[in-house]
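Here is the structure we will look at.
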Amino acid sequence: MCGELREEHIGHEVVLFGWVQNRRDHGGCVFIDLRDREGLVQVMFDPSAAQEAFDLANVMRLEWVVGIRGKVRDRGEMRNPRLATGAVEIVVLEATVFNRSETPPFQIEDNTDTNETKRLEYRYLDLRRNKLQRTITARSDLYKATRDYFFEHGFREIETPFLIRNTPGGARNFLVPCRLNPGTFYALAESPQLYKQLLMVSGFDRYFQIVRCFRDEDLRLDRQPEFTQIDVEMSFINQDALFAIIEGLLFRIFREVARIDLLELYPDGRFPRMRFEESMRRFGNDKPDLRFALEHTDLTSLAVEHDGGGIPLFKAITDIFKNGRYRLDLPKEIVKALLIPSSANLSRTEGDKLEKFARSMGSEGLARAKVGEGGVWTQSPFAKNITPEFREAVNQATNARPGDILCFQFGKEAKVNTVMANLRLHLGKILGYIPEIGHEDQWRFLWIVDPPLFEYSEEEGRYVAAHHAFTRPHDDCVELLDKDPGKVLCHRYDLVLNGFEIGGGSIRLHDPEVQAKVFKALNISDEEAQSKFGFLLKALRLGAPPHGGIALGLDRLTMLVSGSESIRDVIAFPKTQQGNELMTGSPDFASPGQLLELKISSLA
RNA sequence: GGGGCGGUAGUUAAGCUGGUUAUAACGCCGGCCUGUCACGCCGGAGGCCGCGGGUUCGAGUCCCGUCCGCCCCGCCA
């Protein structure tokens, strides 16, 4: 192929098919860069070698599809070191034009600056570009590495339905009307969760599937409405053994897809683990990017000790603790600080920009303090009121030195954490601790373990399952299920890579008695449980082995491993942030006839 | 549902405090050129300034609405 020709091919006669990448017309001779999926090679049309081919070359234009027969020649001094095939060129003996091309809407080149709208509209042209050829190929390599690995480890690949019964909870489903049962709908599977558990009950022991999942939720850089998971479930397994299997898979994928040996980073073959609580405290989320430090400092208990430390806004929070109003079933309020080192040399304007950033995250503001000589605070709304004792305690807790700047957030825990977690990432980028895009061969994996089984829903005023209702609680937490549900930890885990959640799963709950307690804590009645999950509950009573599993986000993983900027770069035909597919124009309105046949009407 | 940024030749952008013929680069078309490789040189064509309304003597520019794209919050494994 074009991109594969090297010095060793000199003298050979070759036949090449490809697209015209570039044309340099010298009047007496014409150079063309011919492109195929492997790369470029320079092709020379010389009338003294082949007059007919030369005449054709004079009319050839960009993106024409041509075939040539010619001889590989040494370019000697004229070699082009910037091209992999630069040592050779083809002298054409015969040429054919298979198809002409209209002038393309944008040029097919590596550094295209055409905006993404245009590129998505002409996706098939964008996919001709070297960069996307590489990421889509990486994705293909990743499928192969995954299948090879699991087959070698005794797994079976089993397909599960896409058209399934609508089950409550979790992500919003896409609905598909069922013509044969008017008025009823299938849901598109948001994951094979229930089916893979049932496969364990069936005795399939080790299951995996590379499977499409559908979720009707708002999109992001790393989220598409249809995406692909590497779905895994195993029986007679514990958390540690499952981690080992998945770690092995990732070592394999990085080796075969990116030629990166993770053993250099993780010599014992294992990834580090961190408890959920610790991650929230230090980083404000459950997917910390460990490529840089810049950790949060939780000042809540310190503020309580100092009775607000003279700062009225803090006192409002600490009073909640003092008055005994603080209750487990109320959203917690906390105080957190983030230290920007003096080396960052942050100007006041830049500080104001950070505040704007915090506000865009839903924060009321971003209080700051510049630490001066002797630990005094300046340029701060707190400088006047803060007691010297509290100031000193904060300086010590955050390890602040003169020149550093402290940023504060306080209020509802969830919001403080969101704002501070995003602020940390933002600072990491603007201070150059991590690149704006890409990963520069820094791969920091982390298992997040032992999260709470329930989380309090302010909307619904009750506890809801943080993952799903079939996650196994820690054995020593079972008695807390009715006493203090918020404190129950469970065997759920997320795998994080450079701040992206690339997978998550749990050891499942297969004990009907504990299951009943969980439903009770969730305030789900027997009837409700039966009507919603009856088939699974029945299966769990008919000889269900202990089991657990995980699902890895194949798109995100491919995005990271291929150094892509967005999940759209690793999906051949992705959708925009509003769920539109710009090439074909989906989604589209249904015709009245279609709706009539399905017995549904549209209100739009 | 909310916040931010953006939409001007085929493409990417410039266009200030409203002003006369809307610039540039690449691409495209024509001509010249046998060693270029971002080839070069000469000439040319190309515009519903996203769309709709408003203010004004006059709108790419100001105001309102709307559509589309990107990033984020909410939402989501």
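Naming convention: chains lettered A, B, ... in sequence-line order (proteins, then strands); numbering from 1 in each chain.
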ask   = So what's B:rC41 paired with, Watson-Crick or G-U wobble, going by both distances under 3.5 Å?
value = B:rG31
request  = Pick base, sugar-phosphate or nothing for A:Gln229, based on heavy-atom distances below 4.0 Å to the nucleic acid.
outcome  = sugar-phosphate
note = With sugar-phosphate taken as primed atoms, P, OP1 and OP2 and all else as base, the protein-contact string of nucleotides 28-35 of chain B at under 4.0 Å (heavy atoms; B, S, -) is SSS--BBB
task = Send over the distance from A:Glu109 CD to B:rU12 P, rounded to a whole Å.
result = 12 Å
inquiry  = Quick check for you: among B:rU12, B:rC70, B:rC37, whose closest atom lies nearest to any side-chain atom of A:Thr114?
reply    = B:rU12
inquiry  = What contact category does A:Lys415 fall into here, base, sugar-phosphate, or nothing, at under 4.0 angstrom with non-hydrogen atoms?
reply    = nothing
inquiry  = Could you tell me how far B:rC64 sits from B:rU20 if I compare only their C1' atoms? Round to whole Å.
reply    = 28 Å
request  = Rounded to the nearest angstrom, tell me the gap between atom CD in A:Glu121 and atom C1' in B:rG50.
outcome  = 13 Å
request  = Using both distances under 3.5 Å as the test, list the Watson-Crick or G-U wobble partner of B:rG6, or none.
outcome  = B:rC68
note = A:Asn285 CG to B:rC73 P, in whole Å, measures 10 Å
P spacing across the pair B:rC62 / B:rG19, given as an integer number of angstrom = 11 Å
key: A:Asp36 side-chain N/O to A:Cys2 backbone N/O, donor-acceptor pair under 3.5 Å   = yes
inquiry  = Without decimals, in angstroms, what is the distance between A:Glu217 CD and B:rC73 P?
reply    = 14 Å
query = Is there a donor-acceptor contact under 3.5 Å from the side chain of A:Gln409 to the main chain of A:Gly365?
reply = yes
request  = Using the P atom on both, measure B:rA22 against B:rG47 and round to a whole Å.
outcome  = 12 Å
task = In whole angstrom, give the distance that lies between atom CG of A:Leu83 and atom P of B:rC37.
result = 13 Å
task = Could you measure between the two P atoms, the one in B:rG50 and the one in B:rA59, and give it in whole Å?
result = 15 Å
note = B:rA24 -> Watson-Crick or G-U wobble partner, both distances under 3.5 Å, gives B:rU12
inquiry  = Going by the rule salt bridge (charged side-chain N to carboxylate O under 4.0 Å, His left out), which residues pair with A:Asp218 if we only count those two or more places apart in sequence or in a different chain?
reply    = none
task = Using the C1' atoms only, state how far B:rG40 lies from B:rC33, rounded to an integer number of Å.
result = 8 Å
Side chain A:Arg359 and base B:rC73 donor-acceptor under 3.5 Å = no
ask   = Between the side chains of A:Gln239 and A:Arg472, is a donor N or O closer than 3.5 angstrom to an acceptor N or O?
value = no
ask   = A:Thr418 side chain: which of B:rC73, B:rG69, B:rU36 is closest?
value = B:rC73
Rounded interatomic separation in angstrom, taking CZ from A:Arg35 and C1' from B:rC37 = 16 Å
ask   = Is any side-chain nitrogen or oxygen of A:Asn115 closer than 4.0 Å to OP1 or OP2 of B:rU11?
value = no
query = Under 4.0 Å: is that the gap between some side-chain N or O of A:Gln107 and OP1 or OP2 of B:rC26?
reply = no
Residue met sooner reading RNA chain B from 5', once A:Ser191 and A:Phe357 are mapped to nucleotides = A:Phe357
query = How far does the C1' atom of B:rU8 sit from the matching atom of B:rG2, given to the nearest Å?
reply = 29 Å
ask   = Quick one: are the ring centres of A:Phe162 and A:Phe214 less than 6.0 Å apart?
value = yes
query = If you draw the axis of the six-membered ring of A:Phe292, does the NZ or CZ of A:Arg424 fall within 45° of it and under 6.0 Å from the ring centre?
reply = yes
key: Assigned partner base of B:rU17, Watson-Crick or wobble definition, under 3.5 Å   = none
note = Ranking B:rC71, B:rC37, B:rC73 by distance to the side chain of A:Arg220, first place goes to B:rC73
request  = Mark yes or no for a side-chain to base donor-acceptor pair under 3.5 Å between A:Asp218 and B:rG74, with no hydrogen or angle criteria applied.
outcome  = yes
ask   = So, does the side chain of A:Arg215 form a donor-acceptor pair with the base of B:rC76 at under 3.5 Å?
value = no
inquiry  = Base, sugar-phosphate or nothing for A:Glu501? Non-hydrogen atoms, less than 4.0 Å.
reply    = base
task = May I ask you to say what A:Gly170 touches in the nucleic acid, namely base, sugar-phosphate or nothing, with a heavy-atom cut-off under 4.0 Å?
result = sugar-phosphate
Residue whose closest nucleotide on RNA chain B lies nearer the 5' end, A:Lys356 versus A:Leu582 = A:Lys356
Short side-chain donor-acceptor distance under 3.5 Å, A:Tyr124 and A:Arg128 = no
inquiry  = If you only use heavy atoms from C-beta on, which nucleotide in B:rG69, B:rC37, B:rC75 is closest to the side chain of A:Asn80?
reply    = B:rC37
request  = Could you tell me whether A:Glu116 contacts a base, only the sugar-phosphate backbone, or nothing, with contacts defined as non-hydrogen atoms closer than 4.0 Å?
outcome  = sugar-phosphate
task = Please examine the side chains of A:Ile340 and A:Cys407, heavy atoms only from C-beta on, and report whether any two atoms are closer than 4.5 Å.
result = yes
inquiry  = Tell me whether the rings of A:Phe243 and A:Tyr493 are parallel (<30°), tilted (30 to 60°) or perpendicular (>60°).
reply    = perpendicular
request  = Could you state the atom-to-atom distance from CD1 of A:Ile108 to C1' of B:rU11 in whole Å?
outcome  = 12 Å
query = If you check every side-chain atom of A:Asn22, which of B:rG69, B:rC39, B:rG10 has the closest atom?
reply = B:rC39
request  = Measure from CZ on A:Arg24 to P on B:rC39 and round the result to the nearest Å.
outcome  = 5 Å
key: N or O in side chain of A:Arg568 less than 4.0 angstrom from B:rC71 OP1/OP2   = yes
ask   = Angle class for the A:Phe357/A:His426 ring planes (parallel below 30°, perpendicular above 60°, tilted otherwise)?
value = parallel
query = Under the 3.5 angstrom rule, does the side chain of A:Arg23 hit a backbone N or O of A:Asn58 as a donor-acceptor pair?
reply = yes
Integer angstrom distance from the C1' of B:rC5 to that of B:rC29 = 37 Å
key: Whole-Å P distance, B:rC37 and B:rC26   = 14 Å
